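Just so it is clear, the values below take in all heavy atoms, side chains as well, and ignore hydrogens, waters and symmetry mates. Just so we're clear, the structure is a prediction, and the values are computed from it rather than from any experiment.
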Amino acid sequence: MHKLSEIKRLLIVTDAAAPQVNGVVRTIGNTTRQLEAMGIEVQMLTPERFKTVACPSYPEIRLSLTTSRTVERIIEEINPDALHVSTEGPLGWHVRRIALRRGWKFTTAYHTRFPEYVHARTGIPAAWIYKVFKRFHGAASAVLAPTPTIRDNLILNGFERIVQWTHGVDHDIFYPRIEQNPVNKQNPVFLYVGRLAIEKNVEAFLKLDLPGTKWVAGVGPAEQDLRRKYPGAKYIGVLSQDDLARLYSEADVFVFPSLTDTFGLVMVEAMACGLPVAAFPVPGPLDVIGNSGAGVMDTDLRAACLRALEIPRERAIAHAKTFSWEIASRKKLNALVWMRGNEPFAKHATAVARTATL
């Protein structure tokens, strides 16, 4: 039987790449660095190689203008041992089409609850989008899901060959940057970090009647409307990771109002900096916070915010230490399959994928 270590060159295909600032890009970047540290040569196929147009309603995302023939030529030049498709965008569909025609095996990842995002923005039933995504991921030898809750949701929607994955946090960047005092219960700082868009449900946080101050870090299409409706909040924009770690360290509670995230990487970053989390009891927080006591989940977000003020910072830091990019990357490596049909290994990887769904 062939060993996982025999994969030496991996090609990751993604429509989400720098200079975009989001959890998908950060996840791919951190995973890539870990795989390279394990001795894997990682090549990237991103929109940077092509002419692009802005994605409607999400201009930070650039959609590649290319042909399957061009994409196929690039893959042949790279000549990878394994092929991983991270996103369901134009490049992902090109590669899926090529792989099916050439008989190449590949894996995919489910990073974003796009069906719910589309429904939030357009009203299109999420079930319709799930059918399209089921077709996309159905061609993969394994589909990486970031949490047990998302895995179960995909299975419920008819997806197969789901492999349990996870995410991590870079503890060399995200750690308490200042000498932290106990939470300021009289004049606390409640912080949101993320994209300012309807699917992130930021208004659910900003409209709360809370003591102290609300800080908002991020940009997006809803920014101007939120600034107009909630001028009392402090809007900070996009920060470097070092500055973001300092911001986390200065706040008292991290508020995560999203109802649609698959994981919520910012929650782990915040906890690593000593910030307890307040969130709704939905996918993402249910898996990331769980029963750790490092945050509070409640259908009443205000109640969650106030109760989170009681959580010691040390408890949040301790829970964040259970998340590691090395562990996440090894799980990804274990899910990979030989692109050109190395049968003994492919059968082993499929067995791993099936086991992970049980």
Side-chain angles (χ1 to χ4, degrees), residues 2-14 16-18 21-44 80-87 107-111 142-151 162-177 240-242 244-245 248 261-275 277 284 287-290 292 294 314-338 345 348-349 352-353 355-356:
H2 294 260
K3 298 180 181 179
L4 295 171
S5 60
E6 292 183 8
I7 289 181
K8 296 299 183 184
R9 183 181 296 124
L10 166 66
L11 174 60
I12 296 178
V13 181
T14 175
V21 180
N22 56 49
V24 176
V25 174
R26 215 174 264 178
T27 296
I28 293 171
N30 282 294
T31 303
T32 295
R33 284 188 285 275
Q34 286 294 328
L35 290 174
E36 289 174 338
M38 296 174 192
I40 307 298
E41 177 189 342
V42 181
Q43 296 284 334
M44 303 291 295
D81 300 319
L83 179 62
H84 179 71
V85 182
S86 276
T87 56
T107 54
T108 60
Y110 191 80
H111 286 282
V143 184
L144 279 66
T147 67
T149 303
I150 296 301
R151 176 200 62 201
I162 312 298
V163 172
Q164 180 62 55
W165 191 25
T166 186
H167 292 345
V169 63
D170 188 336
H171 295 280
D172 291 331
I173 296 175
F174 295 101
Y175 59 89
R177 297 301 187 95
S240 68
Q241 290 194 20
D242 279 328
L244 182 56
Y248 286 137
D261 275 57
T262 56
F263 188 87
L265 188 58
V266 286
M267 286 189 288
V268 186
E269 294 173 350
M271 289 187 292
C273 296
L275 201 53
V277 178
D287 295 291
V288 172
I289 301 171
S292 66
E314 294 77 14
R315 190 177 300 166
I317 295 170
H319 183 52
K321 291 185 182 299
T322 66
F323 293 89
S324 160
W325 282 119
E326 180 180 0
I327 293 172
S329 300
R330 289 194 181 279
K331 287 186 176 183
K332 182 169 185 172
L333 180 59
N334 288 339
L336 297 177
V337 296
W338 282 88
F345 177 78
H348 168 67
V352 171
T355 301

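Rounding to the nearest 0.5 Å places CD of E326 at 10.5 Å from CG of L35. With values rounded to the nearest 0.5 angstrom, R9 atom CZ is found 11.0 Å from I40 atom CD1. Rounding to the nearest 0.5 angstrom, the gap separating the OG1 atom in T31 from the CH2 atom in W325 is 5.0 Å. Summarising the geometry, atom CH2 belonging to W165 is positioned 6.0 Å from atom OG1 belonging to T27; distances are rounded to the nearest 0.5 Å.
Put simply, the side chain of P80 does not reach to within 4.5 Å of the side chain of L10, judged on heavy atoms. Contact annotation: the side chain of T32 approaches that of M44 to within less than 4.5 Å [non-hydrogen atoms, C-beta and beyond]. I150 is not listed as a side-chain neighbour of F263, based on a closest heavy-atom distance of 4.5 Å or more. Residues I317 and Y175 fail the side-chain proximity criterion, which asks for heavy atoms closer than 4.5 Å. Between D170 and R33 the shortest side-chain heavy-atom distance does not fall below 4.5 Å. When side chains are defined from C-beta on, L83 counts as touching V13, because their heavy atoms get closer than 4.5 Å.
Nearest heavy-atom pair across M271 and A320 is C-CB, 3.8 Å. Between A335 and A142, the closest heavy-atom pair is O-CB, 4.1 Å. In terms of heavy-atom proximity, H171 sits nearest to F323 at NE2-O, 3.1 Å. Nearest heavy-atom pair across I12 and S86 is CG2-OG, 3.8 Å. Minimum heavy-atom separation, P148 to D287: CD-OD1, 3.2 Å. Scanning both residues, P176 and G274, for their nearest heavy atoms gives CG-N, 4.5 Å.
At least one donor-acceptor pair closer than 3.5 Å links the side chain of T322 to the backbone N or O of H319. S292 places a side-chain N or O within 3.5 Å of a backbone atom of I289 that can act as its donor or acceptor partner.
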Derivation of the side-chain contact (heavy atoms from CB on, under 4.5 Å) call for V163 and K331: CA-CA 9 Å; V163 172; K331 287 186 176 183; over 6 Å; no
Under the side-chain contact (heavy atoms from CB on, under 4.5 Å) rule, what do Q241 and E269 come out as? Steps first, then yes or no, please. CA-CA 10 Å; Q241 290 194 20; E269 294 173 350; 5.7 Å; no
Evaluate the side-chain contact (heavy atoms from CB on, under 4.5 Å) criterion for residues Q34 and R330: first the C-alpha distance (whole Å), next the side-chain angles of each, then the deciding distance (0.1 Å), finally the verdict. CA-CA 9 Å; Q34 286 294 328; R330 289 194 181 279; over 6 Å; no
Let's go through E6 and D81 carefully: what are the C-alpha distance in whole Å and the side-chain angles of both, what is the deciding distance for side-chain contact (heavy atoms from CB on, under 4.5 Å) to 0.1 Å, and is it a yes or a no? CA-CA 9 Å; E6 292 183 8; D81 300 319; over 6 Å; no
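The one candidate from H111, Q164, K332 that meets the side chain to side chain contact (heavy atoms under 4.5 Å, CB included) condition with L144 is K332.
At a threshold of 4.0 Å, the pair D242-R177 counts as salt-bridged, since one of the basic side-chain nitrogens sits closer than that to a carboxylate oxygen.
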